[in-house]
Novice: 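Below is a structure I'd like to ask you about.
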Amino acid sequence: MVILGIDPGFAIVGFGVVGSDGGRQRLLSCGAITTPSNEPLPTRLLQIENDMAQLFDAFHPDAMAIEELFFTNNVTTGIGVAQARGVLLAAAERAKVPIYEYSPSEVKMAMTGYGKATKKQIMDMTKRMLALKTEIKPDDAADAVAIALCHARSFASRLQAPDAAKPGSGRYAVKHPGK
């Protein structure tokens, strides 16, 4: 199974592509989609959409795992991230890739067993799980890889759960014939 993990944003969208087979995961690719701050938001959103289409074409993921929207203080930034997240979800829908969403605490729990783990703990576990020599950079890409690993670790149990297709369960009720 190929999983595309996404850490949503509009200045930087982190992505991580993880192959998962029989409980083993390997990093296939990771990086960040960046958009120029001097461009208008619609132009930046279009760039995100186009870059996502390229990722779907290059890796043909079986699933996209994306972090749920979470912000505390800056509503303006949160609105921009929400708009970018909408573009990311639409791109996955267009590519007919099933969408799974995870809260930050679910990712932390899957990676470390502790829902309030620090970013450093997440990065260290990501490095260990993938047997990497160095931590993944930039941080947005590292977060996206952790989201993909979270999905790899919880995928089988989520499909068996009675609420697996209910909103808020970590999976949208989207099924694509033939995928």
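The basis for the numbers below is simple: all heavy atoms, side chains too, and nothing from hydrogens, waters or symmetry mates.
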Novice: Heavy atoms only: give me the nearest Ala32-Ile12 pair and the separation to one decimal.
Specialist: CB-CG2, 3.7 Å
Novice: Run the numbers on Glu135 and Lys120 for side-chain contact (heavy atoms from CB on, under 4.5 Å), then give the verdict.
Specialist: CA-CA 10 Å; Glu135 290 179 348; Lys120 176 70 175 141; 2.8 Å; yes
Novice: Which value, rounded to the nearest 0.5 Å, describes the distance between Ile99 atom CD1 and Ile66 atom CD1?
Specialist: 8.0 Å
Novice: Carefully, step by step, assess Val2 and His60 under the rule side-chain contact (heavy atoms from CB on, under 4.5 Å).
Specialist: CA-CA 7 Å; Val2 176; His60 306 285; over 6 Å; no
Novice: Would a distance-only check, ignoring hydrogens and angles, find a side-chain to backbone donor-acceptor pair under 3.5 Å from Gln47 to Thr34?
Specialist: yes
Novice: When you measure from the side chain of Thr35 to the backbone of Phe10, do you find a donor-acceptor pair of N or O atoms at a distance under 3.5 Å?
Specialist: yes
Novice: Thinking salt bridges, do Glu106 and Arg153 make one under a 4.0 Å N-O criterion?
Specialist: no
Novice: Apply the salt bridge (Lys or Arg N to Asp or Glu O under 4.0 Å) test between Lys119 and each candidate in Asp143, Asp139, Asp140, Asp124; give the one that qualifies.
Specialist: Asp143
Novice: Of all the heavy-atom pairs spanning Ala65 and Ile3, show the shortest one and how long it is.
Specialist: CB-CG2, 4.3 Å
Novice: Which atoms form the tightest heavy-atom contact between Met111 and Met129, and what is the distance?
Specialist: CE-SD, 3.5 Å
Novice: If you round to the nearest 0.5 Å, how far is OH of Tyr114 from CE of Met109?
Specialist: 9.5 Å
Novice: According to a hydrophobic-cluster definition based on side-chain heavy atoms being under 4.5 Å apart (Ile, Leu, Val, Met, Phe, Trp, Tyr only), do Val107 and Met123 belong together?
Specialist: no
Novice: Can you check whether Leu55 reaches Ile33 side chain to side chain, under 4.5 Å on heavy atoms?
Specialist: yes
Novice: So, do Val97 and Leu4 sit near enough that their side-chain heavy atoms are less than 4.5 Å apart?
Specialist: no
Novice: Apply side-chain contact (heavy atoms from CB on, under 4.5 Å) to Ser154 and Tyr100, showing your working.
Specialist: CA-CA 11 Å; Ser154 64; Tyr100 299 80; over 6 Å; no
Novice: CD of Glu68 to CZ of Arg85: how many Å apart, nearest 0.5 Å?
Specialist: 6.5 Å
Novice: Taking salt bridge (Lys or Arg N to Asp or Glu O under 4.0 Å) as the definition, give me every residue that meets it alongside Glu39, ordered by chain and number, with sequence neighbours left out.
Specialist: none
Novice: Evaluate the side-chain proximity of Leu89 to Met64: yes if any heavy-atom separation is below 4.5 Å, no if none is.
Specialist: yes
Novice: Return the set of residues passing side chain to side chain donor-acceptor pair (under 3.5 Å) with Lys116 (not counting sequence neighbours), or none when no residue passes.
Specialist: none
Novice: Say you draw a straight line from CD1 of Ile79 to CG of Leu41; how long is it, rounded to the nearest 0.5 Å?
Specialist: 10.5 Å
Novice: Using 0.5 Å steps for rounding, measure from the CG atom of Leu149 to the CG atom of Leu130.
Specialist: 5.0 Å
Novice: Mind listing the closest non-hydrogen atom pair of Ala82 and Leu69 along with its distance?
Specialist: CB-CD2, 3.6 Å
Novice: Got a second to check how far Leu46's CG is from Asp51's CG, nearest 0.5 Å?
Specialist: 9.5 Å
Novice: Tell me the closest heavy-atom pair linking Val87 and Glu49, and the distance in Å.
Specialist: CG1-CB, 3.6 Å
Novice: Applying side-chain hydrogen bond (donor to acceptor under 3.5 Å, both in side chains) as the test, list every pair that has at least one member in residues 11-25; sequence neighbours left out.
Specialist: Ser20-Gln25
Novice: Do Ile122 and Thr112 pass the side-chain contact (heavy atoms from CB on, under 4.5 Å) test, and can you show the C-alpha distance, the side-chain angles, and the key distance before you say yes or no?
Specialist: CA-CA 7 Å; Ile122 300 298; Thr112 67; 3.8 Å; yes
Novice: Would you say the side chain of Phe15 lies within less than 4.5 Å of the side chain of Met52, judging by non-hydrogen atoms?
Specialist: no
Novice: Restricting to non-hydrogen atoms, name the atom on Ser29 and the atom on Phe59 that form the minimum distance, rounded to 0.1 Å.
Specialist: CB-CZ, 3.5 Å
